[in-house]
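Written out below as C-alpha coordinates is the structure these notes cover.
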2 protein chains.
Amino acid sequence: MTIPRAAKTQRRTRIQEAKEEQILEAALDVFSVSGFRGSTIDQIAEVAGMSKPNLLYYFRTKEAMHRALIDRVLFTWLEPLRAFDAEGNPESEIRSYIRRKLEMARDFPRESRLFANEMLQGAPHVEDELKGPLKQLVDEKAEVIRSWTKAGKIAKCDPYHLIFSIWSTTQHYADFDVQVRAVLGQEHAGAGRFEDAARFLEQLFIDGLKVKPVPDAS
Amino acid sequence: MTIPRAAKTQRRTRIQEAKEEQILEAALDVFSVSGFRGSTIDQIAEVAGMSKPNLLYYFRTKEAMHRALIDRVLFTWLEPLRAFDAEGNPESEIRSYIRRKLEMARDFPRESRLFANEMLQGAPHVEDELKGPLKQLVDEKAEVIRSWTKAGKIAKCDPYHLIFSIWSTTQHYADFDVQVRAVLGQEHAGAGRFEDAARFLEQLFIDGLKVKPVPDAS
DNA sequence: CGATAATTTGACCGATTGGTAAACATTACA
DNA sequence: TGTAATGTTTACCAATCGGTCAAATTATCG
(Lines give C-alpha, C1' and ligand atoms only; values in the text may rest on other atoms or scores of the structure.)
Protein backbone atom coordinates (compact mmCIF):
# COMPACT_ATOMS: atom_id res chain seq x y z
CA MET A 1 0.00 0.00 0.00
CA THR A 2 1.10 3.50 -0.71
CA ILE A 3 -1.83 4.98 1.09
CA PRO A 4 -0.07 6.08 4.31
CA ARG A 5 1.21 9.42 3.16
CA ALA A 6 4.20 10.68 5.01
CA ALA A 7 2.06 12.79 7.27
CA LYS A 8 0.13 9.83 8.53
CA THR A 9 3.03 7.82 9.85
CA GLN A 10 3.75 8.23 13.53
CA ARG A 11 7.50 8.15 13.34
CA ARG A 12 9.12 10.43 10.86
CA THR A 13 12.01 8.78 9.17
CA ARG A 14 15.22 10.62 8.59
CA ILE A 15 14.46 10.76 4.92
CA GLN A 16 11.07 12.29 5.56
CA GLU A 17 12.52 14.98 7.74
CA ALA A 18 15.22 15.75 5.24
CA LYS A 19 12.88 15.92 2.28
CA GLU A 20 10.31 18.04 4.04
CA GLU A 21 13.09 20.38 5.05
CA GLN A 22 14.30 20.47 1.47
CA ILE A 23 10.81 21.25 0.20
CA LEU A 24 10.11 23.98 2.73
CA GLU A 25 13.46 25.56 1.96
CA ALA A 26 12.53 25.75 -1.72
CA ALA A 27 8.99 26.85 -0.91
CA LEU A 28 10.40 29.71 1.15
CA ASP A 29 12.45 30.82 -1.82
CA VAL A 30 9.42 30.91 -4.07
CA PHE A 31 6.61 32.02 -1.76
CA SER A 32 8.67 34.87 -0.30
CA VAL A 33 9.06 36.42 -3.72
CA SER A 34 5.80 35.72 -5.48
CA GLY A 35 3.33 35.28 -2.67
CA PHE A 36 0.90 32.40 -2.42
CA ARG A 37 -1.14 32.98 -5.54
CA GLY A 38 1.82 33.92 -7.64
CA SER A 39 3.83 30.83 -6.79
CA THR A 40 3.46 27.46 -8.50
CA ILE A 41 4.21 23.97 -7.32
CA ASP A 42 6.31 23.45 -10.40
CA GLN A 43 8.55 26.37 -9.44
CA ILE A 44 9.02 24.98 -5.96
CA ALA A 45 9.66 21.52 -7.35
CA GLU A 46 12.34 22.84 -9.66
CA VAL A 47 14.08 24.78 -6.90
CA ALA A 48 13.88 21.75 -4.62
CA GLY A 49 15.25 19.51 -7.34
CA MET A 50 12.37 17.08 -7.05
CA SER A 51 9.46 16.05 -9.21
CA LYS A 52 6.12 17.69 -8.62
CA PRO A 53 4.31 14.50 -7.56
CA ASN A 54 7.12 13.94 -5.13
CA LEU A 55 6.42 17.26 -3.42
CA LEU A 56 2.77 16.37 -3.27
CA TYR A 57 3.68 13.11 -1.60
CA TYR A 58 4.96 15.06 1.39
CA PHE A 59 2.52 17.95 1.27
CA ARG A 60 -0.85 17.11 -0.14
CA THR A 61 -1.59 20.59 -1.44
CA LYS A 62 0.07 23.89 -2.16
CA GLU A 63 -1.80 25.30 0.80
CA ALA A 64 -0.34 22.65 3.07
CA MET A 65 3.18 23.70 2.10
CA HIS A 66 2.36 27.32 2.69
CA ARG A 67 0.72 26.63 5.99
CA ALA A 68 3.64 24.56 7.25
CA LEU A 69 6.00 27.32 6.23
CA ILE A 70 3.98 30.09 7.84
CA ASP A 71 3.62 28.19 11.08
CA ARG A 72 7.33 27.66 11.38
CA VAL A 73 8.26 31.20 10.44
CA LEU A 74 5.68 32.85 12.64
CA PHE A 75 7.10 31.23 15.72
CA THR A 76 10.75 32.14 15.22
CA TRP A 77 9.75 35.55 13.95
CA LEU A 78 8.30 36.55 17.28
CA GLU A 79 11.21 35.34 19.37
CA PRO A 80 12.83 38.78 19.70
CA LEU A 81 9.58 40.21 21.04
CA ARG A 82 9.25 37.34 23.49
CA ALA A 83 12.74 38.09 24.73
CA PHE A 84 11.63 41.62 25.58
CA ASP A 85 12.16 41.71 29.31
CA ALA A 86 10.05 43.69 31.74
CA GLU A 87 12.71 43.54 34.42
CA GLY A 88 15.45 44.89 32.23
CA ASN A 89 16.55 48.45 31.70
CA PRO A 90 14.17 50.13 29.22
CA GLU A 91 16.89 51.73 27.17
CA SER A 92 18.94 48.60 26.76
CA GLU A 93 15.85 46.45 26.17
CA ILE A 94 14.67 48.65 23.33
CA ARG A 95 18.18 48.88 21.98
CA SER A 96 18.70 45.16 21.90
CA TYR A 97 15.22 44.56 20.50
CA ILE A 98 16.05 46.81 17.57
CA ARG A 99 19.36 45.04 17.14
CA ARG A 100 17.78 41.64 17.14
CA LYS A 101 15.05 42.59 14.68
CA LEU A 102 17.61 44.16 12.39
CA GLU A 103 19.75 41.05 12.54
CA MET A 104 16.76 38.97 11.54
CA ALA A 105 16.05 41.26 8.61
CA ARG A 106 19.64 40.76 7.56
CA ASP A 107 19.90 37.03 8.15
CA PHE A 108 16.37 35.90 7.28
CA PRO A 109 15.05 38.26 4.64
CA ARG A 110 13.00 35.55 2.96
CA GLU A 111 11.10 34.88 6.14
CA SER A 112 10.35 38.57 6.47
CA ARG A 113 9.12 38.78 2.89
CA LEU A 114 6.98 35.69 3.25
CA PHE A 115 5.25 37.35 6.15
CA ALA A 116 4.96 40.67 4.34
CA ASN A 117 3.41 38.98 1.33
CA GLU A 118 0.85 37.36 3.56
CA MET A 119 -0.01 40.71 5.16
CA LEU A 120 -0.36 42.47 1.82
CA GLN A 121 -2.84 39.86 0.71
CA GLY A 122 -4.95 40.46 3.78
CA ALA A 123 -3.58 37.59 5.85
CA PRO A 124 -6.08 35.05 4.50
CA HIS A 125 -4.15 32.19 6.07
CA VAL A 126 -3.09 33.63 9.40
CA GLU A 127 -5.71 36.09 10.53
CA ASP A 128 -6.57 33.91 13.51
CA GLU A 129 -2.96 33.81 14.65
CA LEU A 130 -2.80 37.59 14.43
CA LYS A 131 -5.91 38.17 16.47
CA GLY A 132 -5.02 35.46 18.95
CA PRO A 133 -1.45 34.65 19.96
CA LEU A 134 0.14 37.69 18.33
CA LYS A 135 -2.26 40.20 19.82
CA GLN A 136 -1.88 38.55 23.19
CA LEU A 137 1.90 38.77 23.08
CA VAL A 138 1.86 42.38 21.96
CA ASP A 139 -0.70 43.31 24.60
CA GLU A 140 1.56 41.83 27.21
CA LYS A 141 4.66 43.69 26.04
CA ALA A 142 2.69 46.89 25.55
CA GLU A 143 1.77 46.70 29.21
CA VAL A 144 5.44 46.45 30.09
CA ILE A 145 6.20 49.56 28.07
CA ARG A 146 3.28 51.38 29.64
CA SER A 147 4.62 50.58 33.07
CA TRP A 148 7.94 52.09 32.04
CA THR A 149 6.30 55.32 30.99
CA LYS A 150 4.27 55.43 34.17
CA ALA A 151 7.43 54.96 36.20
CA GLY A 152 8.93 57.87 34.29
CA LYS A 153 11.66 55.71 32.81
CA ILE A 154 10.83 56.66 29.24
CA ALA A 155 8.76 59.37 27.65
CA LYS A 156 5.03 58.93 27.55
CA CYS A 157 4.04 57.32 24.29
CA ASP A 158 1.63 54.86 22.72
CA PRO A 159 3.26 51.46 23.27
CA TYR A 160 1.47 49.82 20.33
CA HIS A 161 2.63 52.37 17.83
CA LEU A 162 6.10 52.16 19.30
CA ILE A 163 6.15 48.45 18.59
CA PHE A 164 4.73 49.00 15.10
CA SER A 165 7.43 51.52 14.33
CA ILE A 166 10.19 49.19 15.43
CA TRP A 167 8.70 46.40 13.36
CA SER A 168 8.34 48.51 10.26
CA THR A 169 11.71 50.25 10.36
CA THR A 170 13.65 47.05 10.85
CA GLN A 171 11.72 44.82 8.46
CA HIS A 172 12.00 47.54 5.85
CA TYR A 173 15.61 46.50 5.28
CA ALA A 174 14.48 43.02 4.31
CA ASP A 175 11.20 43.72 2.51
CA PHE A 176 12.35 46.78 0.57
CA ASP A 177 15.91 45.63 0.12
CA VAL A 178 15.93 46.43 -3.60
CA GLN A 179 14.84 49.97 -2.93
CA VAL A 180 17.30 50.47 -0.13
CA ARG A 181 20.15 49.25 -2.32
CA ALA A 182 19.04 51.33 -5.27
CA VAL A 183 18.79 54.52 -3.24
CA LEU A 184 22.00 54.04 -1.31
CA GLY A 185 23.88 53.30 -4.48
CA GLN A 186 26.82 51.00 -4.86
CA GLU A 187 29.04 52.93 -2.47
CA HIS A 188 26.80 52.67 0.58
CA ALA A 189 24.67 49.60 -0.19
CA GLY A 190 27.29 47.18 1.06
CA ALA A 191 27.06 45.01 4.13
CA GLY A 192 27.63 48.08 6.27
CA ARG A 193 24.14 49.39 5.64
CA PHE A 194 22.83 47.28 8.48
CA GLU A 195 25.31 48.82 10.88
CA ASP A 196 24.38 52.29 9.68
CA ALA A 197 20.72 51.47 10.09
CA ALA A 198 21.30 50.12 13.59
CA ARG A 199 23.14 53.25 14.62
CA PHE A 200 20.46 55.51 13.23
CA LEU A 201 17.52 53.58 14.66
CA GLU A 202 19.06 53.28 18.09
CA GLN A 203 19.68 56.98 18.18
CA LEU A 204 16.18 57.74 16.94
CA PHE A 205 14.36 55.52 19.38
CA ILE A 206 16.53 56.10 22.41
CA ASP A 207 16.64 59.87 22.07
CA GLY A 208 13.05 60.03 20.89
CA LEU A 209 11.92 58.21 24.00
CA LYS A 210 14.06 60.05 26.54
CA VAL A 211 12.04 61.68 29.26
CA LYS A 212 11.74 65.32 28.41
CA PRO A 213 12.15 68.11 30.94
CA VAL A 214 8.61 69.23 31.54
CA PRO A 215 8.17 72.89 30.57
CA ASP A 216 5.84 73.11 33.48
CA ALA A 217 3.86 76.31 33.96
CA SER A 218 5.18 77.25 37.36
CA MET B 1 -9.66 48.29 -39.73
CA THR B 2 -9.44 47.38 -36.11
CA ILE B 3 -5.67 47.36 -36.17
CA PRO B 4 -5.08 50.78 -34.62
CA ARG B 5 -5.31 49.83 -31.03
CA ALA B 6 -6.32 52.53 -28.67
CA ALA B 7 -2.74 53.24 -27.77
CA LYS B 8 -1.82 54.05 -31.34
CA THR B 9 -4.30 56.83 -31.92
CA GLN B 10 -3.03 60.32 -31.44
CA ARG B 11 -6.11 61.79 -29.88
CA ARG B 12 -7.65 59.92 -27.02
CA THR B 13 -11.38 59.92 -27.16
CA ARG B 14 -13.42 60.50 -24.08
CA ILE B 15 -14.45 56.87 -24.10
CA GLN B 16 -10.84 55.74 -24.26
CA GLU B 17 -9.88 57.85 -21.33
CA ALA B 18 -12.85 56.66 -19.32
CA LYS B 19 -12.30 52.98 -20.06
CA GLU B 20 -8.60 53.09 -19.43
CA GLU B 21 -9.32 54.77 -16.14
CA GLN B 22 -11.89 52.11 -15.34
CA ILE B 23 -9.43 49.35 -16.14
CA LEU B 24 -6.56 50.82 -14.16
CA GLU B 25 -8.87 51.29 -11.20
CA ALA B 26 -9.78 47.61 -11.30
CA ALA B 27 -6.19 46.61 -11.95
CA LEU B 28 -5.14 48.53 -8.87
CA ASP B 29 -7.64 46.58 -6.81
CA VAL B 30 -6.27 43.28 -8.01
CA PHE B 31 -2.54 43.91 -8.39
CA SER B 32 -2.29 45.59 -4.99
CA VAL B 33 -3.53 42.46 -3.27
CA SER B 34 -2.08 39.61 -5.30
CA GLY B 35 0.96 41.13 -6.93
CA PHE B 36 1.78 40.79 -10.59
CA ARG B 37 2.16 37.05 -10.88
CA GLY B 38 -0.75 36.30 -8.61
CA SER B 39 -3.21 38.47 -10.48
CA THR B 40 -5.13 37.40 -13.55
CA ILE B 41 -6.62 39.39 -16.38
CA ASP B 42 -9.93 37.64 -15.75
CA GLN B 43 -9.99 38.96 -12.19
CA ILE B 44 -9.33 42.48 -13.36
CA ALA B 45 -11.94 42.14 -16.10
CA GLU B 46 -14.53 41.02 -13.61
CA VAL B 47 -13.80 43.89 -11.22
CA ALA B 48 -13.84 46.34 -14.11
CA GLY B 49 -17.11 44.89 -15.37
CA MET B 50 -15.74 44.34 -18.82
CA SER B 51 -14.88 41.35 -20.96
CA LYS B 52 -11.32 40.12 -21.02
CA PRO B 53 -10.73 40.84 -24.73
CA ASN B 54 -12.06 44.31 -24.11
CA LEU B 55 -9.35 44.95 -21.53
CA LEU B 56 -6.79 43.66 -23.98
CA TYR B 57 -8.07 46.12 -26.55
CA TYR B 58 -6.89 48.97 -24.35
CA PHE B 59 -3.82 47.28 -22.87
CA ARG B 60 -2.21 44.70 -25.08
CA THR B 61 -0.78 42.64 -22.27
CA LYS B 62 -1.02 42.15 -18.54
CA GLU B 63 2.39 43.72 -18.28
CA ALA B 64 1.18 46.83 -20.09
CA MET B 65 -1.58 47.29 -17.50
CA HIS B 66 0.87 46.84 -14.68
CA ARG B 67 3.38 49.17 -16.21
CA ALA B 68 0.80 51.91 -16.78
CA LEU B 69 -0.35 51.54 -13.21
CA ILE B 70 3.12 51.62 -11.73
CA ASP B 71 4.10 54.67 -13.74
CA ARG B 72 1.11 56.62 -12.55
CA VAL B 73 1.43 55.56 -8.92
CA LEU B 74 5.15 56.13 -8.72
CA PHE B 75 4.76 59.77 -9.67
CA THR B 76 2.05 60.70 -7.18
CA TRP B 77 3.69 58.57 -4.55
CA LEU B 78 6.77 60.74 -4.46
CA GLU B 79 4.93 64.03 -4.31
CA PRO B 80 5.26 64.42 -0.53
CA LEU B 81 9.01 63.99 -0.79
CA ARG B 82 9.18 66.53 -3.62
CA ALA B 83 7.33 68.98 -1.40
CA PHE B 84 10.08 68.65 1.17
CA ASP B 85 11.39 72.18 1.34
CA ALA B 86 14.98 73.11 2.04
CA GLU B 87 14.05 76.66 3.02
CA GLY B 88 11.46 75.62 5.54
CA ASN B 89 11.87 75.01 9.23
CA PRO B 90 13.31 71.51 9.74
CA GLU B 91 10.93 70.57 12.50
CA SER B 92 7.80 71.61 10.64
CA GLU B 93 9.06 70.15 7.37
CA ILE B 94 9.63 66.76 8.91
CA ARG B 95 6.36 66.98 10.78
CA SER B 96 4.35 67.78 7.70
CA TYR B 97 6.17 65.15 5.65
CA ILE B 98 5.16 62.51 8.16
CA ARG B 99 1.59 63.84 8.12
CA ARG B 100 1.42 63.75 4.37
CA LYS B 101 2.83 60.26 4.09
CA LEU B 102 0.44 59.04 6.75
CA GLU B 103 -2.49 60.60 4.95
CA MET B 104 -1.47 58.82 1.79
CA ALA B 105 -1.28 55.52 3.63
CA ARG B 106 -4.79 56.20 4.88
CA ASP B 107 -6.30 57.47 1.64
CA PHE B 108 -4.40 55.41 -0.92
CA PRO B 109 -3.57 52.09 0.69
CA ARG B 110 -3.89 50.21 -2.58
CA GLU B 111 -1.22 52.33 -4.17
CA SER B 112 1.06 51.66 -1.24
CA ARG B 113 0.48 47.93 -1.46
CA LEU B 114 1.01 47.86 -5.20
CA PHE B 115 4.39 49.41 -4.63
CA ALA B 116 5.19 47.12 -1.73
CA ASN B 117 4.32 44.07 -3.81
CA GLU B 118 6.65 45.24 -6.52
CA MET B 119 9.48 45.70 -4.01
CA LEU B 120 8.96 42.28 -2.48
CA GLN B 121 9.29 40.70 -5.88
CA GLY B 122 12.59 42.43 -6.42
CA ALA B 123 11.26 45.34 -8.45
CA PRO B 124 11.55 43.52 -11.78
CA HIS B 125 9.54 46.23 -13.51
CA VAL B 126 10.86 49.39 -11.91
CA GLU B 127 14.46 48.85 -10.96
CA ASP B 128 15.57 51.50 -13.42
CA GLU B 129 13.21 54.08 -11.93
CA LEU B 130 14.58 53.29 -8.47
CA LYS B 131 18.20 53.69 -9.47
CA GLY B 132 17.47 56.75 -11.59
CA PRO B 133 14.80 59.30 -10.72
CA LEU B 134 14.11 58.00 -7.22
CA LYS B 135 17.73 57.88 -6.15
CA GLN B 136 18.27 61.32 -7.60
CA LEU B 137 15.34 62.79 -5.68
CA VAL B 138 16.40 61.15 -2.43
CA ASP B 139 19.99 62.26 -2.90
CA GLU B 140 18.79 65.80 -3.31
CA LYS B 141 16.62 65.75 -0.20
CA ALA B 142 19.27 63.94 1.79
CA GLU B 143 21.59 66.83 1.04
CA VAL B 144 19.00 69.21 2.46
CA ILE B 145 18.81 67.22 5.65
CA ARG B 146 22.55 67.05 5.88
CA SER B 147 22.73 70.82 5.64
CA TRP B 148 20.32 71.05 8.52
CA THR B 149 22.48 68.85 10.70
CA LYS B 150 25.56 70.81 9.74
CA ALA B 151 23.80 74.04 10.66
CA GLY B 152 22.99 72.49 14.01
CA LYS B 153 19.27 72.68 13.40
CA ILE B 154 18.70 69.00 14.01
CA ALA B 155 20.74 66.24 15.57
CA LYS B 156 23.43 64.65 13.49
CA CYS B 157 22.04 61.59 11.75
CA ASP B 158 22.19 59.61 8.54
CA PRO B 159 19.72 61.36 6.22
CA TYR B 160 19.10 58.27 4.08
CA HIS B 161 18.13 56.10 6.99
CA LEU B 162 15.99 58.92 8.32
CA ILE B 163 14.04 58.93 5.06
CA PHE B 164 13.83 55.15 5.08
CA SER B 165 12.42 55.16 8.58
CA ILE B 166 9.76 57.72 7.71
CA TRP B 167 8.80 55.72 4.64
CA SER B 168 8.57 52.45 6.49
CA THR B 169 6.72 53.66 9.56
CA THR B 170 4.06 55.48 7.58
CA GLN B 171 3.54 52.91 4.83
CA HIS B 172 3.29 50.25 7.49
CA TYR B 173 -0.24 51.45 8.23
CA ALA B 174 -1.26 50.71 4.66
CA ASP B 175 0.77 47.61 3.88
CA PHE B 176 0.31 45.83 7.20
CA ASP B 177 -3.18 47.12 7.84
CA VAL B 178 -4.56 43.70 8.73
CA GLN B 179 -1.90 43.20 11.32
CA VAL B 180 -2.34 46.66 12.78
CA ARG B 181 -6.08 46.13 13.07
CA ALA B 182 -5.68 42.68 14.56
CA VAL B 183 -3.20 43.82 17.19
CA LEU B 184 -5.04 46.99 18.14
CA GLY B 185 -8.27 45.08 18.51
CA GLN B 186 -11.73 46.37 17.80
CA GLU B 187 -11.55 49.12 20.42
CA HIS B 188 -8.53 50.93 19.01
CA ALA B 189 -8.53 49.87 15.36
CA GLY B 190 -11.03 52.53 14.34
CA ALA B 191 -10.37 55.52 12.17
CA GLY B 192 -8.56 57.15 15.06
CA ARG B 193 -5.57 54.88 14.68
CA PHE B 194 -4.11 57.21 12.08
CA GLU B 195 -4.32 60.13 14.46
CA ASP B 196 -2.67 58.07 17.18
CA ALA B 197 0.04 57.03 14.75
CA ALA B 198 0.60 60.62 13.68
CA ARG B 199 0.96 61.77 17.26
CA PHE B 200 3.40 59.02 18.09
CA LEU B 201 5.53 59.38 14.98
CA GLU B 202 5.76 63.13 15.25
CA GLN B 203 6.88 62.84 18.84
CA LEU B 204 9.37 60.12 17.97
CA PHE B 205 10.98 61.91 15.06
CA ILE B 206 10.88 65.43 16.43
CA ASP B 207 12.25 64.52 19.84
CA GLY B 208 14.58 61.93 18.41
CA LEU B 209 16.13 64.53 16.14
CA LYS B 210 16.39 67.38 18.63
CA VAL B 211 19.89 68.67 19.05
CA LYS B 212 21.25 67.17 22.20
CA PRO B 213 23.23 69.10 24.76
CA VAL B 214 26.74 67.90 24.21
CA PRO B 215 28.12 66.27 27.37
CA ASP B 216 31.39 67.81 26.41
CA ALA B 217 34.44 66.84 28.36
CA SER B 218 35.27 70.25 29.73
C1' DC C 1 17.60 -13.58 0.36
C1' DG C 2 12.39 -12.33 0.09
C1' DA C 3 8.65 -9.45 0.90
C1' DT C 4 6.50 -5.59 2.47
C1' DA C 5 6.33 -0.76 3.02
C1' DA C 6 8.08 3.75 1.64
C1' DT C 7 9.44 6.66 -2.01
C1' DT C 8 9.70 8.46 -6.76
C1' DT C 9 8.27 9.26 -11.36
C1' DG C 10 5.97 9.75 -16.13
C1' DA C 11 1.71 10.17 -18.02
C1' DC C 12 -2.26 12.30 -17.59
C1' DC C 13 -6.74 15.14 -16.16
C1' DG C 14 -9.87 19.04 -16.05
C1' DA C 15 -9.58 23.91 -15.01
C1' DT C 16 -7.42 28.19 -15.63
C1' DT C 17 -3.92 31.01 -17.68
C1' DG C 18 -2.54 35.00 -21.15
C1' DG C 19 -3.73 36.10 -25.47
C1' DT C 20 -5.86 35.91 -30.53
C1' DA C 21 -9.23 35.96 -34.59
C1' DA C 22 -12.93 37.43 -36.51
C1' DA C 23 -17.56 38.68 -36.46
C1' DC C 24 -20.51 42.09 -34.63
C1' DA C 25 -21.96 46.67 -32.67
C1' DT C 26 -21.37 51.41 -32.06
C1' DT C 27 -19.62 55.89 -32.73
C1' DA C 28 -17.73 59.93 -35.23
C1' DC C 29 -18.01 62.69 -38.99
C1' DA C 30 -18.35 64.18 -43.96
C1' DT D 1 -27.50 59.55 -44.22
C1' DG D 2 -23.54 56.56 -45.35
C1' DT D 3 -19.24 54.82 -44.23
C1' DA D 4 -15.02 54.27 -42.14
C1' DA D 5 -12.95 54.06 -37.68
C1' DT D 6 -13.61 52.64 -33.13
C1' DG D 7 -15.27 49.63 -29.69
C1' DT D 8 -17.13 45.01 -27.99
C1' DT D 9 -18.01 40.17 -27.78
C1' DT D 10 -18.10 35.12 -28.73
C1' DA D 11 -15.40 31.40 -29.66
C1' DC D 12 -11.21 29.68 -29.40
C1' DC D 13 -6.00 28.49 -28.77
C1' DA D 14 -1.66 26.65 -26.71
C1' DA D 15 0.51 26.75 -22.34
C1' DT D 16 0.33 26.23 -17.61
C1' DC D 17 -2.12 25.41 -13.38
C1' DG D 18 -3.05 22.18 -9.09
C1' DG D 19 -3.54 17.62 -8.47
C1' DT D 20 -4.22 12.25 -9.42
C1' DC D 21 -2.89 7.54 -10.62
C1' DA D 22 -0.63 3.52 -11.44
C1' DA D 23 3.61 1.75 -12.31
C1' DA D 24 8.38 1.65 -11.16
C1' DT D 25 12.03 2.14 -7.90
C1' DT D 26 14.22 2.04 -3.52
C1' DA D 27 14.70 1.36 1.46
C1' DT D 28 13.59 -1.63 5.55
C1' DC D 29 13.79 -5.60 8.02
C1' DG D 30 12.88 -10.56 9.27
Side-chain angles (χ1 to χ4, degrees), chain A residues 1-27 29-31 33-69 121 124-125, chain B residues 1-27 29-31 33-69 121 124-125:
Chain A
M1 285 280 199
T2 175
I3 297 175
R5 296 239 176 190
K8 280 200 177 178
T9 58
Q10 297 299 344
R11 278 196 207 164
R12 321 181 69 211
T13 64
R14 263 153 259 103
I15 183 164
Q16 266 174 33
E17 210 146 336
K19 290 282 174 166
E20 286 178 10
E21 179 58 41
Q22 187 180 342
I23 292 169
L24 289 182
E25 171 70 18
D29 259 13
V30 177
F31 280 135
V33 169
S34 302
F36 182 75
R37 288 222 44 185
S39 304
T40 72
I41 303 182
D42 296 80
Q43 282 180 317
I44 300 173
E46 198 189 329
V47 173
M50 309 166 60
S51 68
K52 176 164 67 171
N54 203 2
L55 291 210
L56 291 163
Y57 173 76
Y58 291 101
F59 297 93
R60 275 204 279 269
T61 64
K62 186 171 123 177
E63 274 216 35
M65 288 180 220
H66 191 254
R67 154 68 52 178
L69 205 49
Q121 285 161 32
H125 305 95
Chain B
M1 284 284 200
T2 175
I3 298 175
R5 297 242 175 187
K8 281 201 178 177
T9 60
Q10 297 299 345
R11 280 195 206 164
R12 320 181 69 211
T13 64
R14 263 154 257 104
I15 184 165
Q16 266 177 34
E17 210 146 335
K19 290 280 176 167
E20 285 178 11
E21 179 58 40
Q22 187 180 342
I23 292 169
L24 290 182
E25 172 70 20
D29 260 12
V30 177
F31 280 134
V33 169
S34 302
F36 181 75
R37 286 222 47 185
S39 304
T40 72
I41 303 182
D42 297 80
Q43 282 180 318
I44 301 172
E46 197 190 327
V47 174
M50 308 166 58
S51 68
K52 176 165 65 171
N54 204 1
L55 290 211
L56 291 163
Y57 174 75
Y58 291 100
F59 297 93
R60 277 205 277 270
T61 63
K62 185 171 127 178
E63 273 216 37
M65 287 179 221
H66 191 254
R67 153 69 52 177
L69 204 50
Q121 285 161 31
H125 305 95

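Quick note on labels: first sequence line is chain A, next is B, and so on, each numbered from 1.
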Please give, in whole Å, the distance from [N] [atom2] to [X] [atom1]?
X	N	atom1	atom2	value
B:M65	C:dT17	CE	P	13 Å
A:E63	D:dG18	CD	P	12 Å
B:L56	C:dT17	CG	C1'	12 Å
A:I44	D:dT16	CD1	C1'	15 Å

Query raised in the report: With sequence neighbours left out, what residues match B:K62 under salt bridge (charged side-chain N to carboxylate O under 4.0 Å, His left out)?
Result: none

Query raised in the report: Who pairs with B:E63 by salt bridge (charged side-chain N to carboxylate O under 4.0 Å, His left out), at least two apart in sequence or on another chain?
Result: none

Requested in this report: Return the minimal non-hydrogen interatomic distance between B:L55 and B:A48, and the atom names on each side.
Outcome: CD2-CB, 4.4 Å

**Report entry** Candidates C:dT7, D:dG19, D:dT6 - which lies nearest the side chain of B:Q16
**Finding:** D:dT6

Query raised in the report: The side chain of B:I41 lies closest to which of these nucleotides: C:dT8, C:dG19, D:dC17?
Result: C:dG19

Query raised in the report: OP1, OP2 of C:dT8 versus side-chain N and O of A:Y58: anything below 4.0 Å?
Result: yes

Report task. Verify the contact: side-chain N or O of B:K62 to OP1 or OP2 of C:dT17, cut-off strictly under 4.0 Å; return yes or no. Result -> no

Query raised in the report: Could you give all pairs that pass the salt bridge (charged side-chain N to carboxylate O under 4.0 Å, His left out) test and reach residues 39-58 of chain A, with sequence neighbours left out?
Result: A:D42-A:K52

Please list, for nucleotides 9-16 of chain C, all pairs of protein and nucleotide N/O atoms separated by less than 3.5 Å.
{"unit_1": "C:dT9", "atom_1": "OP2", "unit_2": "A:S51", "atom_2": "OG", "d": "3.0"}
{"unit_1": "C:dT9", "atom_1": "OP2", "unit_2": "A:N54", "atom_2": "ND2", "d": "3.3"}

Query raised in the report: What pairs with A:S34 under side chain to side chain contact (heavy atoms under 4.5 Å, CB included), at least two apart in sequence or on another chain?
Result: A:S39, B:R37

Query raised in the report: Quick one: are A:M65 and A:F31 in side-chain contact, heavy atoms under 4.5 Å?
Result: yes

